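Just so it is clear, the values below take in all heavy atoms, side chains as well, and ignore hydrogens, waters and symmetry mates. Note that the structure is a prediction, hence the values are computed from the model and not measured. Letters go in sequence order (proteins before strands), and every chain restarts at 1.
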Amino acid sequence: MQSDSLIFIFLNTVLANNFVLAMFLGLCPFLGVSGKLNTAVPMGIATMFVMLVSSVCAFAINKVLVALDIEFLRLIAYIAIIASAVQLVEMGLKKYSPTLFRSLGIFLPLITTNCAILGLALFQTFKEYNFSQSLVYAVGAGIGFILAITLMAGLREKLLLSTLPSVTQGAALSLMLGGLLSLTFMGFAGLGNL
Amino acid sequence: MGIFNLFGAGTFRHGVHPPSHKAATAHQPIRRLPFPDHLVIPLNQHIGKPAKLLVKKGQEVVRGEPLASADGFVSVPIHAPATGRIRDIRLMPSARGEQAMAIILHVYAAATQEVLWRNPVDPGALDPQGMIQAIQDTGMVGLGGAAFPSHVKLSIPEEKSVDTLVVNGCECEPYLSCDHRTMLEHPRELMRGIRYAMQATGVSKAIVGVEENKMDAVKLLREHLHAQSDISVEAVETKYPQGSEKMLIKSLMGREVPAGGIPLDIGVVVNNVGTLAALGKLLPVGEGLTERVVTVTGPGVEKPGNYIIPLGTPIGYVLKQVGYIGGENEFILGGPMMGPSVSDMETPVTKGTSGLLVLNEPEIEQETRRIWPCIKCGRCLNACPMHLNPAYLGLLAAKREYEEMAQTYHLNDCFECGCCSYVCPSNIPLVQHFRIAKAINREQAA
Amino acid sequence: MSQRRSDPHITWDSFSEGLWRNNPVFVMLLGMCPVLAVTNSAMNALAMGLATTFVLVASGYLVSLLSRFIPRQVRIATYIVIIATFVTIIDYVIQAISLDLYNSLGAFIQLIVVNCMILGRAEAYASKNRPMKSVVNALGMGAGFTFALLCLGGVRELLGTGALFGFDLFGPQFQPWVVMVLPPGGFLVLGAWLLLFDWLKQRREQKQLAISGEQTNAV
Amino acid sequence: MAKKPAIELRTTPHIHAPQDVIMIMRNVVYASLPMAAWAVWQYGLSALMLLLVVVASCMLSERVLNAKQGNTLGDWSAAITGILLFLTLPPGFPLWMGVIAGFSAIGLGKALFGGLGMNVFNPALVGRAFVQAAFPVAITSWTPAFFDGRFTTLIPSTLTAPFMIPPETGEWNMQVAVDAFTGATPLGLQKFDAVSTPVLDLLTGMTAGSAGESAALIILVCGLYLAFRGMLDWRIPVAVMAGTAITAAVFHFIDPVAYPDAMFMLFSGGLMLGAWFMASDMVGSPVTPAGVIIYGLLIGFVTVIIRLFGGLTEGVMYAILLGNAVTPLIDQVTQPRVFGHRKSS
Amino acid sequence: MFAIDISNIGVTIAFMSVLGLVLSGVLAIANRKLWVYEDPRIDEVEELLPKTNCGACGTAGCRPFAEALIQGELTPANCTVSSSEEIDEIAEYLGVEAGDVVKRVARLACAGGAHVARQRAHYDGLESCRAAAMVAGGPKSCSWGCLGMADCEDVCDLDAITMDQHGLPVVNTAKCTACEDCVDICPKGLFSIQPITHRLWVACNNLLHDEEAESECEVACTGCEKCAKDAPDGLIEIRDNLARIDYSKNSLASPIPIERCPTGAIVWLDEVKGMRKGIEAKHIIREEALPL
Amino acid sequence: MSTAEQQLQVPQSPSISMMVVLSSIAMVSGFLVVLVSQLTAPIIAENQRRAIERALVQVIPGSVSHEEFLLQDGKLLPAEDSAAGESVYAGYDANGELVGIAARAAAQGYADMIHLLYGYDPACECIRGIKVLKMAETPGLGDKIIKDADFLANFDALDASVDMQQMALVNPIIMVKHGSKQHPWEIDAISGATISAKAVGKALNQSAQALLPQLLPLMQQLERQEQQP
Ligand SMILES: Cc1cc2nc3c(=O)[nH]c(=O)nc-3n(C[C@H](O)[C@H](O)[C@H](O)COP(=O)(O)O)c2cc1C
Ligand SMILES: Cc1cc2nc3c(=O)[nH]c(=O)nc-3n(C[C@H](O)[C@H](O)[C@H](O)COP(=O)(O)O)c2cc1C
Ligand SMILES: Cc1cc2nc3c(=O)[nH]c(=O)nc-3n(C[C@H](O)[C@H](O)[C@H](O)COP(=O)(O)O)c2cc1C
Ligand SMILES: Cc1cc2nc3c(=O)[nH]c(=O)nc-3n(C[C@H](O)[C@H](O)[C@H](O)CO)c2cc1C
Ligand code: SF4
Ligand code: SF4
Ligand code: SF4
Ligand code: SF4
Ligand code: FES
């Protein structure tokens with residue numbers, strides 16, 4: 001499989017190089033909002049949505065920056081524009097679709113200041129993806145994030161019913177679970193190489 | 001007819017196959033136990049409002065005389081099981097645990113079996129309304145164990161229509177054989193009772209469901225039917241809890257009682273064979289329910305068998321009569337799957353008592369096993385006849401998440417059959433958890 | 001915003017808060033991504049810690065200085081621009097210092113922008129306190145962050161390669177535990193540190209309970 | 001203790017099915033012993049030592065880490081973890097790494113979550129996944145079976161000094177191997193060299209591989225014993241095998257040259273062991289009747305995908321761990337339809 | 001070498017100012033066009049939060065957390081990032097309710113520990129009073145008494161209840177907040193919430209009388225009426241063989257009625273010395289459980 | 001609440017001050033960034049040059065100086081023009097003689113792309129050395145492609161001769177199992193890191209197949225260019 005083919009990019013970002021479990025991006029929501037499935041899943045979906053938005057924004061802005069020969073402003077431009085775009089989407093949602101806002105919108109501010117979004121924008125630029133590759137990359141990263149946070153939430157919900165030792169509650173347990181999930185996802189390493 | 005009937009005996013999905021242990025009693029004729037010197041007659045032997053007291057301390061009563069009258073529609077009268085004098089009316093331990101009001105009747109040594117008080121009716125001449133009243137006057141309740149007033153069950157509200165009477169002769173509980181013996185020894189009364197019930201409800205069809213391990217009863221009952229009878233006798237698979245009304249209806253007719261509903265909702269009325277046989281016997285002569293057939297059995301009993309026992313007889317007296325082997329014992333009222341165990345020898349036999357089971361040391365030792373954490377083996381899910389998820393219910397119960405149990409996991413559909421606990425390799429007392437959960441939910445709602 | 005009532009004086013606590021009591025990594029669990037991503041060697045951890053500290057201090061100072069002039073609606077945007085500026089600066093500086101270091105830190109230098117800790121501190125502390133106090137606090141936070149990164153990086157490098165800061169400690173025959181420098185290692189080592197701290201805390205609490213326990217039974 | 005009062009009060013039901021946790025676990029130990037014995041017969045003294053060390057490490061870790069719950073060794077589950085973990089390791093695995101594997105299996109996989117029944121991942125596989133990630137070279141160093149003098153000499157890597165790199169076994173392999181031992185597992189041969197191994201060899205263990213994975217026939221017999229005694233849920237291994245076979249068959253149909261057939265997939269690598277003894281660990285598998293089927297099929301599917309398209313030759317372990325991770329979700333979406341309800345809500 | 005490229009600087013500055021203008025412009029317009037009413041307190045509370053949006057509180061960020069605080073679903077302490085002073089500040093803003101006038105605590109109406117109350121049977125099953133109570137009322141002879149399996153200790157989130165060596169719960173009045181959890185859980189209904197000033201107390205709930213009661217438990221209330229006779233008018237009444245105190249007349253209460261109680265079922269709860277029994281009360285020194 | 005009321009409640013945000021503040025801060029930070037970037041640019045470029053230099057010395061044995069060219073549509077251009085194209089480096093010995101050329105190659109490895117630089121010796125028509133520029137392979141396993149001496153020995157003289165039609169290599173560079181190398185165009189894989197090793201081979205083969213046939217006719221240009229300064 002060609003390493004720049006869309007299907008490879010997709011599988012690779014979902015499984016082998018999962019943003020959360022292999023690349024360490026977006027850990028704050030992964031650890032923080034994975035306590036319950038009914039918050040984790042909307043959170044994942046909202047993240048994927050923001051990823052798409054920021055992927056498109058970043059792609060456009062990068063063209064401008066390169067044209068003006070001011071690539072060193074990339075970071076500032078990306079983050080400022082992504083943050084504003086998300087804030088705009090949030091306000092729009094709040095106004096025009098309160099129900100959607102209640103289920104997804106509340107996660108938006110949390111997502112803006114999260115590495116996965118900016119990381120996605122930066123990596124797609126470093127890897128010099130074209131527009132469709134960038135989109136697939138964003139979708140893959142988003143689905144990978146949903147996968148990771150949903151699995152985590154499922155496990156944590158199940159563990160709510162266990163009698164955990166007193167020291168393994170809270171953050172330590174989440175991290176250990178994250179470690180074991182990450183160990184599991186190592187099985188996908190190199191998927192699509194041969 | 002459910003599709004299951006295409007393949008041999010009807011059945012339902014899931015359930016368990018505990019060893020039956022019925023051989024010790026199933027082949028012995030029913031015998032009668034003498035009166036004890038005193039009877040303990042609780043006022044609430046049935047589901048519903050306790051009966052209203054009619055007698056006073058010190059009063060003399062004769063066998064069959066009403067001691068208490070029905071207090072409203074969902075209530076039944078209580079008749080004196082023997083001739084004697086009211087010694088006291090006081091709190092006594094009940095099978096359920098709390099102390100309950102009971103009449104202590106001192107039985108005269110000369111008391112005989114003859115029933116001295118009756119109120120005969122002509123069943124043929126009664127309209128359904130009159131029939132219901134007559135049934136209530138007998139004090140009849142479900143003898144299958146729930147002790148629900150039979151007349152309530154048999155009175156069909158205007159807006160409902162019923163097409164089938166299911167007669168429950170399954171007796172799926174291990175050890176018990178009173179229904180089996182009743183079918184074998186009183187088929188005529190049973191048939192008569194079925195007729196009365198059909199008359200009261202107006203149904204056109206009756207099915208007697210009997211487990212396959214009682215084919216002799218099936219054969220005998222079929223002999224009492226004409227070729228084109230509207231009553232049929234069907235064998236169903238031997239499996240616990242086949243006798244539960246929901247399962248039996250599913251097995252015989254393929255219908256499912258809706259959650260939270262009763263058989264009436266799908267046009268069925270279910271009665272136990274013992275109930276109808278007793279009805280067939282009592283109704284024409286106008287007698288009250290004063291005694292019942294009880295299977296007294298278990299490894300702790302010397303002379304296991306089925307006995308006719310006057311209601312109110314303390315179990316201590318019963319055991320003395322049948323002779324029991326001492327040591328460490330467990331006394332169970334009813335079968336081993338659903339019957340409560342009791343600790344007070346004064347606990348009386350009541351209308352709902354179908355058995356008295358005495359387990360002794362070896363069985364107790366064997367059953368007293370360490371409780372392990374749930375290993376998620378899923379056996380309970382594959383046993384639960386209601387298709388619940390006892391594993392998660394149990395885990396939630398341990399965390400006191402009672403509300404979630406009811407809301408997400410349908411706790412209230414559990415009828416406490418005990419299949420889940422029976423199969424659980426971790427010996428988790430699931431049913432006990434569920435009872436607590438239900439009780440607390442009820443209290444919270446109240 | 002009338003509730004701004006923090007003590008204007010700089011105290012030891014304004015510095016030490018971040019070191020231990022409110023350690024951004026071990027206690028507040030902030031900025032987890034760089035914490036786990038770059039700590040596969042002690043050197044990376046140190047560099048990352050210092051870079052973050054720089055951004056923390058510089059942006060803290062500026063935010064504290066400017067916060068009075070910034071309207072509420074554009075506050076976050078402004079803070080982000082300020083932070084991003086310093087991050088870009090440190091990014092170029094590291095490239096100028098050592099390309100190897102730059103390459104091993106990857107994009108995570110740039111991702112300092114989104115480290116929740118920096119924005120959080122800007123909002124929660126710098127915007128409410130005097131510039132110098134913010135700087136002291138930011139230094140403390142930065143030191144705590146760096147310390148935590150070193151705790152992780154040290155263990156991971158030591159077990160994962162048998163070396164510390166690149167110095168071979170166990171000889172050439174040492175079998176490295178590759179998992180430690182892989183992603184799961186990051187999660188597991190931080191988890192293990194937290195377990196250790198929780199365990200120590202519980203032991204301490206139990207001891208205290210044992211001391212005060214005698215009086216509790218009086219009705 | 002005071003003498004027990006003569007009257008006993010217990011709750012319903014007063015009788016129980018005969019199988020309890022200890023009995024089930026004990027039988028799993030019995031069933032896994034033939035496999036362990038076969039591994040020892042194949043690989044000799046080294047395998048025996050590894051078996052003992054891994055089991056001891058698991059039991060010791062269990063005793064120490066679960067001390068709060070009292071002595072939990074009596075439930076045998078730690079012993080099972082040890083034996084199964086041993087069966088997944090290469091026979092010449094250094095003993096010190098075996099100790100680490102056992103410790104991480106119980107520590108990370110079980111005690112962390114509160115002991116028996118509480119864990120979410122299969123402990124033995126957590127142990128193996130940990131050492132696989134920690135010592136990827138040692139865990140893929142295979143040695144030939146049935147080499148001469150296996151009961152008197154040790155595989156050179158077995159006695160590696162603690163924390164040190166094990167010696168290369170390549171040369172030693174050449175010396176002892178009766179016929180040209182390639183040092184590659186059937187899956188490795190298939191994947192990297194497109195050489196396929198006859199199914200008969202797979203069935204009888206005449207191939208390289210982990211200590212216990214290489215004799216599919218013995219595994220099958222032991223697994224069937226447990227299934228017939230009702231000690232394991234037969235639907236899980238059947239579903240795993242079905243998932244594997246179907247997926248493999250589809251790919252084989254698409255391109256018979258590039259992708260091996262279903263038989264090879266079923267009997268190579270750790271699939272049999274995984275399906276019968278590891279996927280079937282009820283603690284990490286769904287409880288619902290529909291759930292176990294989905295779980296099994298998923299494991300089979302992922303195994304084949306990793307084997308065919310992944311960077312690794314073998315995927316059973318990761319597939320089962322993934323299955324464990326997905327279990328809570330499967331459980332949630334496959335709640336049975338409760339009797340008398342129209343549809344599950 | 002360090003040549004400065006002026007045009008590049010120009011482009012940069014132009015770009016940045018355009019960026020700044022556009023962003024702030026868009027935000028300003030959006031702020032007008034897309035504005036939706038919200039509880040102003042949310043802003044105020046959010047202002048007090050660290051705004052790290054880290055999600056550690058379990059909500060999706062600081063603003064949802066603020067909303068949850070205002071709705072009372074969560075407490076300020078759920079934010080692990082805020083310092084304790086910050087948490088206090090938020091709590092103060094939200095207005096925590098004023099403390100009770102008279103402290104109320106949970107009291108137990110039974111003193112029948114294993115050393116004085118008889119067991120009728122051996123119970124084997126779930127270690128829980130609720131569970132045991134459902135099996136023929138439990139193994140204890142007295143159908144009203146404490147089963148001692150610590151459901152109350154278990155549900156008390158504040159650790160205010162501990163079981164003593166005879167299997168009776170002891171309430172730590174300092175910790176008890178009168179949350180009624182123990183009242184709700186006890187299957188025998190033995191707990192009630194009482195003002196701490198209620199010091200005269202019947203520590204029994206048994207409705208049997210005389211020897212019947214005493215045969216079940218050495219500290220049972222036998223309904224002998226001595227306390228009722230010694231007490232001021234109407235303070236104590238015997239109903240269904242059990243002494244009942246009328247706390248509406250609490251001002252009349254004194255330790256006098258306990259003095260002649262033969263079993264010590266009625267007690268005086270001293271602030272310092274704890275539970276005190278009368279001089280006539282049988283002195284029980286047994287430590288181990290009563291035999292069957 | 002009616003729309004009119006809602007309108008009333010819209011806060012009068014200080015739009016002008018918002019814009020002024022944000023853009024002036026943006027301007028200032030833009031200025032800072034551009035300054036730093038311009039100040040560090042030469043240092044960074046120097047760092048990069050030195051890194052490449054070091055790599056080139058390794059992959060073109062015997063070279064002391066280097067020149068960068070861009071290969072575009074079959075033409076060689078000097079590197080200064082920032083036009084797009086493939087970078088090719090020419091290495092010269094002390095006498096200014098061309099001793100080898102170097103180019104980049106990349107392929108997907110176990111974890112991520114492996115980027116490497118390889119040196120081609122026109123004299124022996126073989127690859128003389130490789131240097132991994134960037135990779136994320138597993139330490140201790142995948143990084144054998146850097147450390148394993150046996151593996152690196154493959155590249156002492158790896159045959160890469162171009163066929164007559166100057167269309168492709170005579171023998172594609174292929175990977176064989178460890179210990180079974182027989183021909184000079186084969187690479188002996190690393191056992192335990194087959195995937196990483198294979199990626200190296202794949203990268204070399206792809207790049208050499210594409211580049212060398214184009215480059216060989218232009219060999220003269222490389223030499224001539226050197227003699228000018
Ligand atoms: C509160 C209550 C109300 C009931 N109402 C009716 C009723 O109106 N008609 C009826 O036929 N059965 C009624 N039943 C009886 C049930 O359908 C059922 O037969 C009884 O609970 C005993 O069931 P079991 O013996 O299967 O446990 C009622 C039961 C209860 C507990
Ligand atoms: C688990 C379970 C098992 C039961 N088994 C029997 C049984 O074996 N025989 C029987 O007559 N009733 C059995 N019942 C009671 C029936 O559901 C039903 O209430 C009864 O047949 C109604 O008849 P009755 O009102 O005349 O007693 C069982 C109930 C439950 C919940
Ligand atoms: C944690 C881990 C890391 C791995 N890293 C690499 C790697 O960096 N490069 C590689 O080629 N294979 C890597 N592998 C793959 C295995 O070693 C694989 O079996 C091997 O590449 C192919 O087997 P063989 O070379 O022994 O035939 C890794 C495996 C694991 C479990
Ligand atoms: C059928 C069966 C399979 C088992 N498989 C495993 C296994 O693969 N790994 C393991 O650690 N324990 C296994 N166990 C033992 C036990 O269930 C396991 O240690 C639990 O996960 C501990 O909570 C198995 C037990 C049974 C009954
Ligand atoms: S007791 Fe309840 S949950 Fe258990 S098997 Fe019976 S119906 Fe199902
Ligand atoms: S049978 Fe017992 S151990 Fe098995 S799943 Fe059900 S509750 Fe858990
Ligand atoms: S007071 Fe009630 S809940 Fe507490 S131990 Fe006694 S019986 Fe149990
Ligand atoms: S008699 Fe009174 S004090 Fe004794 S156990 Fe019963 S309720 Fe408690
Ligand atoms: S640091 Fe990465 S999401 Fe917070």
For chain A, find its close neighbours in residues 249-257 of chain D: heavy-atom separation under 4.5 Å, sorted by number, or none.
-> none
Against chain D, residues from residues 55-74 of chain A with at least one heavy atom under 4.5 Å, in numeric order, are none
Check each atom of D:Ala319 against the heavy atoms of chain A and say whether the ones under 4.5 Å are side chain, backbone, both or neither.
-> neither
Over 12 foreign heavy atoms within 6.0 Å of CZ, D:Phe103 | no
Considering only heavy atoms, give the residues of residues 322-333 of chain D separated from chain A by less than 4.5 Å, sorted numerically, with 'none' for an empty result.
-> D:Leu322, D:Asn324, D:Ala325, D:Val326, D:Thr327, D:Pro328, D:Leu329, D:Gln332
Checking A:Leu173 against chain D: side chain, backbone, both or neither under 4.5 Å from a heavy atom?
-> side chain
Considering only heavy atoms, which portion of A:Leu15 lies under 4.5 Å from any heavy atom of chain D: side chain, backbone, both, or neither?
-> neither
CG on A:Leu180 to CG on D:Leu112, rounded to 0.5 Å | 7.0 Å
Closest heavy-atom pair and its distance - A:Leu164, D:Phe113 = CD2-O, 3.4 Å
Could you tell me which non-hydrogen atom of D:Ala133 sits nearest to which non-hydrogen atom of A:Leu183, and how far apart they are?
-> CB-CD1, 3.8 Å
Interface moiety of D:Ile305 toward chain A, non-hydrogen atoms closer than 4.5 Å | both
Give a yes or no on whether D:Phe301 atom CZ has more than 12 heavy-atom contacts from other residues, nucleotides or ligands under 6.0 Å away.
-> no
Least distance between heavy atoms, A:Phe188 atom then D:Val302 atom | CE2-CG1, 4.0 Å
Part of A:Ser182 lying under 4.5 Å from any heavy atom of chain D | neither
Using a heavy-atom cutoff of under 4.5 Å, enumerate the residues of residues 116-127 of chain D that contact chain A, numbered in order, or state 'none'.
-> D:Met118, D:Val120, D:Phe121, D:Val126
